[in-house]
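We name chains A, B, ... by the order of the sequence lines, and we start the count at 1 in each one.
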Amino acid sequence: MDKMMDLWLASGIYNLQAGQLVMLVVGLGLLYLAIVKKFEPLLLVPIGFGGILANIPEAGLAFSAVENALHFAQPEVLDALSAALGISSSDPEVILKAYNTSNASTHAAVSLAAMDGGYSNGMLYNFYNVSIASGAAPLIIFMGVGAMTDFGPLLANPKTLFLGAAAQFGIFATVLGAVGLSTLGIMDFSIQDAAAIGIIGGADGPTAIYVASILSPHLLGAIAVAAYSYMALVPLIQPPIMRALTTEAERKITMVQLRQISKTEKILFPIMLLLLVALLLPDAAPLLGMFCFGNLLRECSVVDRLSDTAQNALINIVTIFLGLSVGSKLSADKFLDLTTLGILVLGIIAFCIGTAMGVLMAKLLNKIEGGNSINPLIGSAGVSAVPMAARVSNKLGLEANPQNFLLMHAMGPNVAGVIGSAVAAGVMIKFVG
Amino acid sequence: MDKMMDLWLASGIYNLQAGQLVMLVVGLGLLYLAIVKKFEPLLLVPIGFGGILANIPEAGLAFSAVENALHFAQPEVLDALSAALGISSSDPEVILKAYNTSNASTHAAVSLAAMDGGYSNGMLYNFYNVSIASGAAPLIIFMGVGAMTDFGPLLANPKTLFLGAAAQFGIFATVLGAVGLSTLGIMDFSIQDAAAIGIIGGADGPTAIYVASILSPHLLGAIAVAAYSYMALVPLIQPPIMRALTTEAERKITMVQLRQISKTEKILFPIMLLLLVALLLPDAAPLLGMFCFGNLLRECSVVDRLSDTAQNALINIVTIFLGLSVGSKLSADKFLDLTTLGILVLGIIAFCIGTAMGVLMAKLLNKIEGGNSINPLIGSAGVSAVPMAARVSNKLGLEANPQNFLLMHAMGPNVAGVIGSAVAAGVMIKFVG
Amino acid sequence: MDKMMDLWLASGIYNLQAGQLVMLVVGLGLLYLAIVKKFEPLLLVPIGFGGILANIPEAGLAFSAVENALHFAQPEVLDALSAALGISSSDPEVILKAYNTSNASTHAAVSLAAMDGGYSNGMLYNFYNVSIASGAAPLIIFMGVGAMTDFGPLLANPKTLFLGAAAQFGIFATVLGAVGLSTLGIMDFSIQDAAAIGIIGGADGPTAIYVASILSPHLLGAIAVAAYSYMALVPLIQPPIMRALTTEAERKITMVQLRQISKTEKILFPIMLLLLVALLLPDAAPLLGMFCFGNLLRECSVVDRLSDTAQNALINIVTIFLGLSVGSKLSADKFLDLTTLGILVLGIIAFCIGTAMGVLMAKLLNKIEGGNSINPLIGSAGVSAVPMAARVSNKLGLEANPQNFLLMHAMGPNVAGVIGSAVAAGVMIKFVG
Amino acid sequence: MESLISQGLSLMVFGMGFVFVFLTLLVGMTTLMSKLVVKFEPVAVAVPKKLKPRVTKTIDSNNDELVAVISAAVHKYRS
Amino acid sequence: MESLISQGLSLMVFGMGFVFVFLTLLVGMTTLMSKLVVKFEPVAVAVPKKLKPRVTKTIDSNNDELVAVISAAVHKYRS
Amino acid sequence: MESLISQGLSLMVFGMGFVFVFLTLLVGMTTLMSKLVVKFEPVAVAVPKKLKPRVTKTIDSNNDELVAVISAAVHKYRS
Ligand code: NA
Ligand code: NA
Ligand code: NA
């Protein structure tokens, strides 16, 4: 009967902690939103499922070999870890603290000691290291997004880039909000944390994950979940703000049809953007470099098989592992925290401010030009959230005037928002990275 | 003429050992079975080819840098290896023994010393580490299998799960057989070896490879070859047993048509299964977690592009490398052993017992229910070997009664067998891992 | 205003060095050739783009963590690096030199110290390590090429293998040229460098990259660019040589139609080739092994889904990363060198000699056989450059005689050239590796 | 340390036991789940699975080709 | 060490400033580039994007199948 | 240590020599293999390569679509 007891003592139900139960429910909730409500399912299905896996008691799928060794706390293994760390205590918490503050070579030694003790990295921990900690997955997804992006509407009306710029104000205002909360003692965010939280306002998943993985990996789970959830909520969040800031007359403005763009312009644009990044902001080079590379594969029309793969097999494969890896950051000990609540609140504020600033910038452009060439409804598309935000602009345009098709016009600021938030990401990595 | 001599002395034909010659023939034999006899070709073509590559004399494709350094045995490199190991002998065999019993950090140091000496890991050795030793490849394949699995027939007739449970008896009976052979002194299997061998009876390739890579990596080659070979032999192995254990009247039993299953049930099933695993047997979480994840991608119908990729590009890529990596374990020094013979014999016994128990369980269910609702021919499908075993059930059903289509009925126990052997795998990893 | 100054001092335009500017122009030039002139775009688009990314000032995308730490030269980090190296100087150049000559375990320690200092490997550096330094990418591409290769024409006329053999003379003549330049003091090539340069004459991209990554990684960029550029230039380079070495009458020779090849022959050929490699030249086993594996996947007709993946998703994914990784070797400090010029000149000579020898061998075969069974125009296809070189043969044949379709006849020596240069690669790795 | 045989025996007993317990629970939960679903969602049952819309551009362009080729074919033959 | 707030403030000012400078330059360069392209390449404008030829063998064999099936279908129905 | 030139020379001689030996053996073995195959398997020669059955579900569902579309098209036009 010992064995029966062993099984029971090692079972999930016996070891289930309250936090894990909560996170299992959160994971199920994300699956519900993704599958039933169709909230960004391509990411939220893997994230939600990864979150459930990460919170299976005793399985340790989201933990490193060292964390797993500390969890099971066999005396001889703890001694080996202490020895590798050069400390005398064999209290798991002391060891963990010493481990977290030790340098890279000690890290490697402690990790090998844990493996000698028979523990191994969890599956999700490995996925996270290979896909996100290496920086590779968000960049590869950005390449795929580039290969799916048509810069035609932007090229036909370049001044919509200003709308994409203005909408990034949400990012920086949120940074200020986060440091404000810290200064008031309500939260405890470093400037790096604040910057990573702000990027939620960029409404761009891979950018948010990339920045968070560099500046603030411990907040990555909450930031990614917030970013994708709010992107899915665009059709609910944006319309009230857009209506509040525009008059009926403004919403009825029809825009002139976009000119046709030549192949040459479409090929030259990503190269030009890359060179501008190279000359002005090298820290944005990985993100925008891969984005431009993907777009060039698409437009140059001599490597269609590479473009196809970047848009399909490759981005799908990476999305699966990126999502599961983000889910690994939803383990109860890392996610259930007042901080997460702060991130969710700040993130939605960032979104709202970004939306508002895009609309206001469109009105300002009309003022400056002294005309009515821009329907301010397309300003909100400057936050990115491609193509959802552009569809929202189109929908509100049609409500005001059933002949007013804004979709293609809104695609300009929409893709401009992707560039804008990647630039903002580069600035933040430069200053606080 | 020195160069000519060098080439000759380094050629394969000059260095060919008897064992390698035998293994080259075994590799060709596997290719023959796969290509001409169509035995599980998706795995046996890469495994057979990998086996040939692994046995090319002097190429060292399946060996680590350290093993390659020991093979060529240059004195100064041997000295460097001894120094890294902290021993004084420079006899290759002594070094190898010390290396195999040393801890992880010494392993790393010795490996770097071998690389400094100009040796590198063979191509197949690298493939093995990345795909199998990391645990990733079998799990990714299991995700793909999940994405290809339709649980409809199982949901329409849940009691067929009992058939999938019964068929796992083959696994545990074989474990007993293996420890029996050890106790009698005929073989020398540890309890870990016995558990890994037993899993052949699960008739599920990725599960067998996953378990063997954790419990008994040195037997992985023989176990994988046995598992896939016997799965291919299902149409030969199963029918005699099925005929022997059933009467003509039983084989003629027709089953009522399966009810239609709603989308909601199909979506909820993998989630429910995951939660049950999480609560009862965390050690089965990686395998069944990925399986349920794949199935959810398939059924939730909002991420079809991920499901497509999991079923096609991703599983195909991983299959190629998994197969070659398994092949790397067919190197003569690891495969040609009395042990391999023992594994082949025990494996087939496991298969036969599993088949028999599935059939008998079906008859028992009929007894208990006091009816004839289950044709016992579908019991044999409980071993897994999807979909071959179900087709065999169908074929024997048609022989007895040309109107008796059992295929869909047999798919229930067939996929239940996949779950059953993954659960059995979790139990074994828990108890002897 | 400090921040403004910081941004400016960290900008690309402030830090742009002359060499980087030149390399940016080279990168743009490669994109021009690839996109407008359609020079081997599948490789030259990623290589050119990677070259641009590698030369973005301050971004350090092509550099290791150690190189990046040395570039920014913070005193405390330099001290940590010196300590890890066990030297006292903190001059970046001295450190770099000590690092480059240190052994593998010191390498690892210095690298960890640089990471502790806050530096990380550049994105392209990581891509290079995973795809090329591991040897994996060229081998996987070779597998894909194998899966796309039809050996039918070669099997129908096996003596065209001699044309593929003769064309490899270009490789070895170039090796001699390179050591000659070194002996004369004009260049400074080691025998390894010379061998890697010679392989450009093999007109086979993955073979050239594989050999260069083993024998001479510091020349890899120039060698890959030369190889793919000259392969693209085949329609310009080869015709004058072919015309000069043949008479009008010879060019008019029509060849007898090729016999049909049975499936069995096509399946047995890659296995036979593999066994021949295994027995004679184990050093060519990785390259030719993967090539034969790909071809077997194609021909055996029981694993079409693996063959499809090897020819599409997998080779495309690997091509993207291989191209970007090769581009990482176009960083100014590694590429802008008299050596590169030498490589370009020697490479084209290799190509011309290979072409000439193929044609002359065809004429010799006719002499020996005392007939006119071979049109010497197909000899030039022996350099490989599949299928471009075969098309050139066909075009010149049609010029001489509008009924003379040489394409299928030229495919024989064309694929023979692939085998020939892989064999030559194996010989060079054996002798100087 | 138990003897190898007794280890094997207990692995068999507890292993098979656990497999049956687990799958029995799964049978129960599945049956319950199906009943609940059928009860609360009686309409959604059993629409014959329709063709999934293809997600990739690849296939879309395929379909374009398809329609083009069919139109051409039909035009050619109906006259 | 600046206070957290002033760090946040300067990040906002310089961040937004830089984003605007960057995108303004991009507007200028894009406009210039388009003008140059339209000037030197007036003809190349606006061919409706034609169907891309498929690169993979897969699809080719698909097309073969397509043609076969269509021929069969048409043959059957035209008589 | 040989001079660089003599290393290069011997690499050329032995390299080309080996390439020729290897490919000559391959010619011989290929010829022999073909003869054996033709001898023992005279029937299997030269069936024009038929369309490979597609393995992936993707394509199968494509075919379903194909048939559906064709039927629709033909129905429409034959009346
Ligand atoms: Na944005
Ligand atoms: Na099973
Ligand atoms: Na060649």
Side-chain angles (χ1 to χ4, degrees), chain A residues 102-109 130 133-136 139-140 143 147 214 263-264 267-268 270-271 274-290 292-294 296-297 299-310 312-318 426-427 430-431 433, chain C residues 3 6-8 10-16 20 24 28 31 34-36 38-39 41-46 48-50 52-53 55-61 80 84 108-109 111-118 120-124 126-127 130 309 312-317 319-321 323-324:
Chain A
S102 68
N103 67 14
S105 59
T106 309
H107 253 72
V130 170
S134 73
L139 295 177
I140 294 170
M143 172 173 73
I214 292 175
K263 200 76 201 151
T264 313
I267 293 174
L268 289 178
I271 295 174
L274 171 71
L275 292 178
L276 201 60
V277 170
L279 295 182
L280 294 188
L281 188 65
D283 289 282
L287 269 180
L288 282 171
M290 289 304 271
C292 292
F293 179 55
L296 184 64
L297 292 183
E299 300 296 354
C300 74
S301 78
V302 289
V303 293
D304 286 347
R305 56 185 291 161
L306 300 186
S307 171
D308 269 6
T309 296
N312 293 293
L314 182 52
I315 199 173
N316 292 345
I317 291 171
V318 174
V427 173
K430 166 75 205 138
F431 280 138
Chain C
K3 282 248 154 72
D6 283 1
L7 264 179
W8 171 246
S11 74
I13 202 163
Y14 178 82
N15 289 283
L16 189 65
Q20 290 170 327
L24 290 178
L28 292 173
L31 289 181
I35 297 173
V36 181
K38 312 222 178 330
F39 275 25
L42 288 174
L43 265 295
L44 286 188
V45 168
F49 206 93
I52 294 175
L53 290 175
N55 287 284
I56 296 180
E58 306 296 288
L61 295 177
S111 186
L112 291 171
M115 287 174 192
D116 278 331
S120 54
N121 295 329
M123 172 186 80
L124 295 178
N126 283 336
F127 287 174
V130 171
T309 296
N312 293 292
L314 183 53
I315 198 173
N316 291 344
I317 291 171
T319 299
I320 288 173
F321 292 106
L324 290 174

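Using a 4.5 Å cut-off between heavy atoms, A:Asn103 touches chain C through backbone and side chain atoms alike. Neither the backbone nor the side chain of C:Ala109 comes within contact range of chain A; no heavy atoms are under 4.5 Å apart. For a residue to count as touching a neighbouring chain, one of its non-hydrogen atoms must lie under 4.5 Å from one of that chain's; by this rule C:Leu28 touches chain A with the side chain only. Looking at C:Ala34, the atoms closer than 4.5 Å to chain A (heavy atoms on both sides) all sit in the backbone: N, CA, C or O. For chain C, the nearby parts of A:Leu306 are the backbone and the side chain; heavy atoms of each come within less than 4.5 Å.
In terms of non-hydrogen atom pairs under 4.5 Å with chain C, the most contact-rich of A:Leu274, A:Val427, A:Asp283 is A:Leu274. For the set A:Val302, A:Leu275, A:Val277, the entry with the most heavy-atom pairs within less than 4.5 Å of chain C is A:Val302. For the set A:Ala108, A:Ser105, A:Pro282, the count of heavy-atom pairs under 4.5 angstrom toward chain C peaks at A:Pro282. Between chain A and the residues C:Leu112, C:Val45, C:Leu314, the largest count of heavy-atom pairs under 4.5 Å involves C:Leu112. For the options A:Ala313, A:Ser134, A:Cys300, A:Ala310, heavy-atom pairs under 4.5 Å to chain C are most numerous at A:Cys300. Comparing A:Ile271, A:Leu280, A:Leu281, A:Ile317 by how many heavy-atom pairs each has under 4.5 Å with chain C, the most go to A:Leu280.
Distance check: A:Cys292 SG to A:Leu297 CG gives 11.0 Å after rounding to the nearest 0.5 Å. The CD1 atom of C:Ile56 sits 8.5 Å away from the CD1 atom of C:Ile52 when rounded to the nearest 0.5 Å. The CZ atom of C:Phe49 sits 12.5 Å away from the CD1 atom of C:Ile320 when rounded to the nearest 0.5 Å.
For the residue pair C:Asn316/C:Thr319, the side-chain donor-acceptor check at 3.5 Å is not satisfied.
In this structure, C:Phe127 and C:Phe321 have perpendicular ring planes: the angle between them is above 60°, well past the 30° mark.
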I'd like to know whether C:Leu324 forms a side-chain contact (heavy atoms from CB on, under 4.5 Å) with A:Met290, so could you lay out the CA-CA distance, the side-chain angles of the two residues, the decisive distance to 0.1 Å, and finally the verdict.
CA-CA 10 Å; C:Leu324 290 174; A:Met290 289 304 271; 4.2 Å; yes
Decide yes or no on side-chain contact (heavy atoms from CB on, under 4.5 Å) for C:Leu53 and A:Phe293, but give the supporting numbers first.
CA-CA 10 Å; C:Leu53 290 175; A:Phe293 179 55; 5.7 Å; no
Could you check A:Leu296 against C:Ile35 for side-chain contact (heavy atoms from CB on, under 4.5 Å), going step by step and ending with a plain yes or no?
CA-CA 10 Å; A:Leu296 184 64; C:Ile35 297 173; 4.0 Å; yes
